[in-house]
There are 2 protein chains.
Amino acid sequence: MQFDEKTGDVYLDVFKEAPVRALKPGETLIYAGDDATQVFNIVSGCLMVSRLGKDGRRQVMSFLFKDNFVGLTATDSYFFTVQAITPSSIAWRSREHLEGYLARDPSAERTFREMVFRVLENSLDLVYSLGQRTAVERLAVFILYLRQQYRIANGTESGPDTVDLPMSRQDIADFLGLKKETVSRSFTALDEKGLIKRPDAHSVDILDVEALRELAGITDFSSPFRLAAPR
Amino acid sequence: MQFDEKTGDVYLDVFKEAPVRALKPGETLIYAGDDATQVFNIVSGCLMVSRLGKDGRRQVMSFLFKDNFVGLTATDSYFFTVQAITPSSIAWRSREHLEGYLARDPSAERTFREMVFRVLENSLDLVYSLGQRTAVERLAVFILYLRQQYRIANGTESGPDTVDLPMSRQDIADFLGLKKETVSRSFTALDEKGLIKRPDAHSVDILDVEALRELAGITDFSSPFRLAAPR
DNA sequence: CGAGGTGTTGACTGATGTCAATGATGGTGG
DNA sequence: CCACCATCATTGACATCAGTCAACACCTCG
């Protein structure tokens with residue numbers, strides 16, 4: 001395995017020579033309920049992890065980008081759905097292959113565990129957003145989150161502050177626990193406050209990162225998702 | 001390590017001979033921001049994991065019971081606070097001790113990873129609740145969740161359906177992303193619908209489990225936290 | 001060029017939050 | 001053991017934020 005100091009991200013060599021599968025927008029990679037026999041690593045594109053209630057309510061759990069990992073569960077079957085948003089290519093291995101690899105290489109096992117911790121911490125960040133933040137605050141956090149994802153994926157630390165929004169307003173709404181109209185209105189609100197500009201519906205120019213951070217209640221500069229730790 | 005078929009829970013032998021620390025109600029075990037040098041396993045009592053925003057908003061991430069594990073992070077410091085709700089006793093080990101143990105025993109490593117997955121899945125359940133469910137629904141899920149915790153902790157499958165609520169209304173509110181008044185009103189609503197009875201503020205008699213499950217939108221009988229997996 | 005999907009905006013509704021008063025509970029010291 | 005006080009829970013009246021329903025605009029792709 002490797003640890004990339006620049007991005008803070010962790011890769012597993014298991015996917016080095018792995019077969020790659022292409023997905024069209026909207027295509028499903030993992031169906032909730034299927035046997036969890038494969039694991040995946042995103043090579044390119046943007047995917048969406050979601051969970052559907054029986055009455056049709058949907059919660060988007062996360063968006064996946066380059067080098068993100070999906071597919072493992074504590075049980076035998078997936079309990080979430082993964083779909084492509086943009087055309088994507090995904091490296092895959094059988095679950096057994098990964099398990100064998102991890103069993104053989106103890107340091108890989110440790111690295112892998114850290115990847116899982118990262119996912120857990122992201123999910124805890126989402127819990128904080130959904131439980132405590134208002135609509136506009138959630139959107140501010142979301143925009144900063146996407147910004148960070150792209151910077152990690154592209155390996156850039158600077159550059160013009162334009163963020164791509166490949167997903168629909170409905171997808172964003174289901175991620176932030178809001179309705180799509182509220183997401184629209186929140187974009188407008190950020191726009192009117194002068195924090196962002198919207199060239200079109202699927203991209204955002206960040207005009208005032210600091211004000212966005214302030215709104216989001218994020219203190220730590222380098223890792224946008226760590227909150228204050230008062231004592 | 002051991003796997004207990006009855007409860008589906010996983011224990012680590014690391015804590016078998018570990019020193020135990022006693023905590024009074026309200027006492028803090030882990031301060032957010034501290035170096036993450038120790039790991040813990042609950043022997044008895046009820047604890048609370050929470051995260052505080054700099055403006056004072058608090059999100060309770062989980063409640064911990066017998067045999068639950070806390071203390072590991074992907075980073076060097078804790079980013080959450082853990083406090084006792086009831087008098088508790090906690091077994092502890094140094095982080096190095098656990099790491100060494102896991103490195104020596106590959107099957108323990110795997111078991112440990114599964115424990116982490118369990119925590120992740122619980123956190124994803126909470127995300128669904130906060131993002132998609134109404135106040136009353138969240139409370140219904142919460143009551144069922146506590147019921148399951150006690151059944152696991154006590155190893156019982158049946159018995160009278162009374163659930164203990166050691167935490168305050170404020171704690172419940174901060175867990176469910178609501179205000180304490182709304183939690184009170186939701187209790188009253190469940191009471192008036194005849195689904196529960198409240199002998200006192202800190203215990204609940206479940207009168208109609210099925211109706212609670214219906215409200216919570218939970219289909220799977222055995223594992224109350226798995227949602228429908230429509231396709 | 002037209003049609004369907006997607007996004008924005010407006011008017012109104014409803015659920016949850018806020019503020020405040022009252023009622024219950026539990027711990028402490030007389 | 002009881003009385004008191006402090007804390008916590010409940011309830012009510014009202015405010016506010018997000019949801020609903022509906023119209024319209026825009027873009028994309030046949």
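Residue numbers start from 1 in every chain, and the chains themselves are labelled A, B, ... in the order their sequence lines are given, proteins ahead of strands. What you see is a predicted model; the values in this text were computed from it and never measured.
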Checklist line | Distance flag, aromatic centroids of B:Phe69 and B:Phe40, threshold under 6.0 Å | finding: no

Next item on the list: For D:dC8, take OP1 and OP2 only and decide whether either is under 4.0 Å from a side-chain N or O of B:Ser168.
Entry: no

Next item on the list: Mind telling me whether B:Phe175 and B:Tyr145 have parallel, tilted or perpendicular rings, with 30° and 60° as the class edges?
Entry: parallel

Item checked: Donor-acceptor pair under 3.5 Å, B:Gln170 side chain vs D:dC8 base -> no

Next item on the list: Calculate the interatomic distance between B:Leu190 atom CG and D:dA9 atom P; express it in whole Å.
Entry: 17 Å

Check: Base, sugar-phosphate, or nothing for A:Arg198, non-hydrogen atoms under 4.0 angstrom?
Finding: sugar-phosphate

Checklist line | Along DNA chain D (nearest heavy atom to each residue), the more 5'-positioned of A:Val136 and B:Phe187 | finding: B:Phe187

Checklist line | For atom CG of B:Leu176 and atom C1' of C:dT16, their distance in whole Å | finding: 13 Å

Check: Over how many whole Å does the gap from A:Met167 atom CE to C:dG7 atom C1' extend?
Finding: 16 Å

Item checked: C:dT8 phosphate, OP1 or OP2, under 4.0 Å from A:Ser184 side-chain N/O -> yes

Notebook entry, point to check: Can you find a side-chain donor-acceptor pair between B:Asp200 and B:Ser203 that sits under 3.5 Å?
Noted result: yes

Margin query: From CG of B:Asp200 over to P of C:dG26, roughly how many Å is that when rounded to an integer?
Written below: 7 Å

Note to self: Distance alone, cut at 3.5 Å: any donor-acceptor contact between the side chains of B:Thr162 and B:Asp205?
What the structure shows: yes

Check: How long is the line joining CD of B:Glu181 and P of D:dT10, in whole Å?
Finding: 11 Å

Margin query: In whole Å, I'd like the distance from the CD atom of A:Glu137 to the C1' atom of C:dG17.
Written below: 14 Å

Next item on the list: Write down the distance between CG (A:Leu139) and P (C:dT8), rounded to a whole number of angstrom.
Entry: 11 Å

Check: A:Arg57 CZ to D:dG19 P: how many Å, rounded?
Finding: 13 Å

Next item on the list: Nearest-nucleotide wise, let me know which of B:Thr134 and A:Thr188 is further upstream toward the 5' end of DNA chain C.
Entry: A:Thr188

Margin query: With a cut-off of less than 4.0 Å, is there a side-chain N or O of A:His202 near OP1 or OP2 of C:dG7?
Written below: yes

Notebook entry, point to check: Do any side-chain nitrogens or oxygens of B:Lys179 fall under 4.0 Å of OP1 or OP2 in C:dT18?
Noted result: yes

Notebook entry, point to check: Side chains of A:Ser89 and A:Ser44: do they bring a donor and an acceptor to under 3.5 Å?
Noted result: yes

Check: B:Arg169 has a side chain; which of C:dG7, D:dA9, C:dT18 sits nearest to it?
Finding: D:dA9

Margin query: Check this for me: does the side-chain of A:Arg185 come within 3.5 Å of the base of D:dT20 through a donor and an acceptor?
Written below: yes

